[in-house]
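Each ligand, and each atom within it, is numbered from 1 in the order the structure gives. Model, not experiment: these values are computed from the prediction. FYI, side chains are in, hydrogens and waters are out, and symmetry mates aren't considered; it's all heavy atoms of this structure.
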Amino acid sequence: MIAHKYDNNLWTKTAPSALGRAQIEGEHSADLIIIGGGFTGCAAALEAAQSGLLVILLEAETIGFGGSGRNVGLVNAGLWTPPDDVENTIGLAAGKKLNKALAAAPDLVFSLIERHQINCDAVRNGTLHCAHSAAGLKNLHTRFTQHQKRNAPVALINQEQTAHRTGTAAFKGALFDPRAGTIQPLSYCQGLAQAAINAGAKLFENSPALAIARNAEQWTVKTQNGQACAPHLIVATNAYSNDQLLGQQSRFTLVHYFQFATEPLTKSERTSILPNLEGCWDTALVMSSFRYDSDGRLLVGSVGSLDHATSPTHEFWAQKKLAAIYPQLARKKLDHAWHGRIAMTKDHLPKVVEFGPNAYSVFGYSGRGIGPGTVFGTSLAKMIANNDTSHLPVEPINAYAENLTKTAGLYYETGSVLTHGLYAAGRTLIGR
Ligand SMILES: Cc1cc2nc3c(=O)[nH]c(=O)nc-3n(C[C@H](O)[C@H](O)[C@H](O)COP(=O)(O)OP(=O)(O)OC[C@H]3O[C@@H](n4cnc5c(N)ncnc54)[C@H](O)[C@@H]3O)c2cc1C
């Protein structure tokens with residue numbers, strides 16, 4: 001059981017009130033059933049409903065319960081994997097297509113926010129990828145060159161400029177991406193869901209899909225008190241999926257990421273720390289992130305879970321990290337803490353699996369899912385509405401499985417506890 005102090009998600013406190021959709025009851029039919037109400041499912045529901053399809057979306061808990069309502073809120077372009085590596089992994093043509101689609105992901109996110117007047121504290125002032133070491137700076141140089149080759153408007157800023165922008169001398173430099181920005185992620189997800197409802201989609205909460213069956217050219221999805229059938233199906237459950245639903249083997253490693261939020265900073269503290277409100281993360285192997293919320297709280301996060309006996313190690317780390325980069329915040333109270341799951345694939349690239357006729361499962365954003373989830377959801381819906389797979393940013397595959405995902409998950413968690421424990425004790429691991 002997770003301690004209350006570690007299950008206190010700031011985003012659920014500051015989002016406009018939940019949607020309060022009913023549970024599905026009885027029999028329903030539609031053109032498209034979507035399982036999962038995160039960015040992917042809600043973006044798909046919105047696009048499909050706008051294209052005139054009858055849409056039913058089933059969410060096991062409430063809209064945004066999964067990663068979409070727990071993340072840092074950095075709306076970045078591309079994937080975490082640099083664009084050359086994407087092309088080397090899946091081939092030049094396929095990689096180019098994926099890179100191009102995701103380079104434009106922040107444009108899609110911010111244009112949806114604008115078009116549907118989604119109240120989600122959107123700030124499009126860019127993000128800073130901060131070099132925590134000389135090796136980190138070298139890595140940023142490589143990324144910079146790769147982005148520049150693709151005419152991305154990124155800029156490398158030096159140590160002095162980085163200190164000015166972040167308010168700390170802790171970093172050796174940073175890669176600034178003006179295409180990016182920050183949002184209140186749960187509010188964005190709820191806003192997409194509301195826009196989908198306005199466009200005619202039927203959304204049901206507290207309605208976990210328990211079984212999927214195919215008969216007479218239709219998919220039937222059963223829940224405890226109802227069922228839906230449709231010729232098209234999207235499973236958008238990502239890291240919150242239940243493998244038994246699709247009778248699948250493990251498809252990815254579950255990696256956890258936590259965040260702590262301070263009490264709101266004073267006006268004068270805010271003048272020196274991130275005066276331009278960029279969202280930030282660093283180049284460390286066990287990475288950290290920091291950003292403001294709209295009330296001036298500073299959120300600091302890193303890899304790790306808050307649901308086990310050594311979770312306090314992550315809290316000590318957060319306090320120590322905050323004090324190290326911003327000594328003036330050493331005494332700030334951390335009054336919110338929460339974590340979420342990331343679906344990490346081996347090559348860190350998202351997958352679309354066509355597991356039956358007109359049935360798709362999409363997962364594996366590997367920690368970069370606000371833009372990609374919105375792009376993949378939207379393009380899946382476009383593909384279904386137009387019966388044209390060219391809309392998809394990746395080729396669908398028929399099956400996907402990975403071995404040793406539990407061991408890999410344990411490796412990530414143990415690594416983060418060790419790294420954070422040593423950091424809190426004033427030591428560092430080699431290579432951090
Ligand atoms: C702590 C954290 C920080 C992150 N930071 C960032 C960031 O700053 N920027 C970024 O781009 N990405 C970030 N990510 C990744 C991003 O949040 C995810 O990739 C994204 O939210 C995935 O969206 P999704 O819609 O595919 O899945 P989810 O949002 O996880 O939604 C899946 C939904 O499916 C539902 N579900 C599961 N099983 C069933 C069922 N049987 N029936 C019905 N519903 C079901 C779940 O309840 C859940 O709501 C972060 C992730 C985490 C956890």
*Asks:* Considering residues, nucleotides and ligands other than Lys100, do more than 12 of their heavy atoms fall under 6.0 Å from its NZ?
*Replies:*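 For Lys100, atom NZ is not crowded (no more than 12 foreign heavy atoms under 6.0 Å).
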*Asks:* Let me know which protein residues bring a heavy atom to under 4.0 Å of ligand 1; chain then number is fine for ordering.
*Replies:* Ile35, Gly36, Gly37, Gly38, Phe39, Thr40, Leu58, Glu59, Ala60, Phe65, Gly66, Gly67, Ser68, Arg70, Asn71, Val72, Gly73, Leu74, Pro208, Ala209, Ala236, Thr237, Asn238, Tyr240, Leu245, Tyr257, Gly340, Arg341, Ile342, Tyr365, Gly367, Arg368, Gly369, Ile370
*Asks:* Working to the nearest 0.5 Å, report the span between OG1 of Thr378 and CD of Gln50.
*Replies:* 9.0 Å
*Asks:* Report yes or no: is the cationic atom of Arg297 (NZ for Lys, CZ for Arg) under 6.0 Å from the centre of the six-membered ring of Tyr292, at an angle within 45° of the ring normal?
*Replies:*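 Geometry flag: not set, cation outside 6.0 Å or 45°.
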*Asks:* Regarding Thr127 and Asn76, do their side chains bring together a donor and an acceptor under 3.5 Å, going by distance alone?
*Replies:* yes
*Asks:* About how many Å separate CD1 of Ile273 and CG of Leu329, when rounded to the nearest 0.5 Å?
*Replies:*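 These two atoms lie 4.0 Å from each other.
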*Asks:* Any salt bridge (Lys or Arg N to Asp or Glu O under 4.0 Å) pairs touching residues 114-131, not counting sequence neighbours?
*Replies:*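 Qualifying pairs: Asp107-Arg124.
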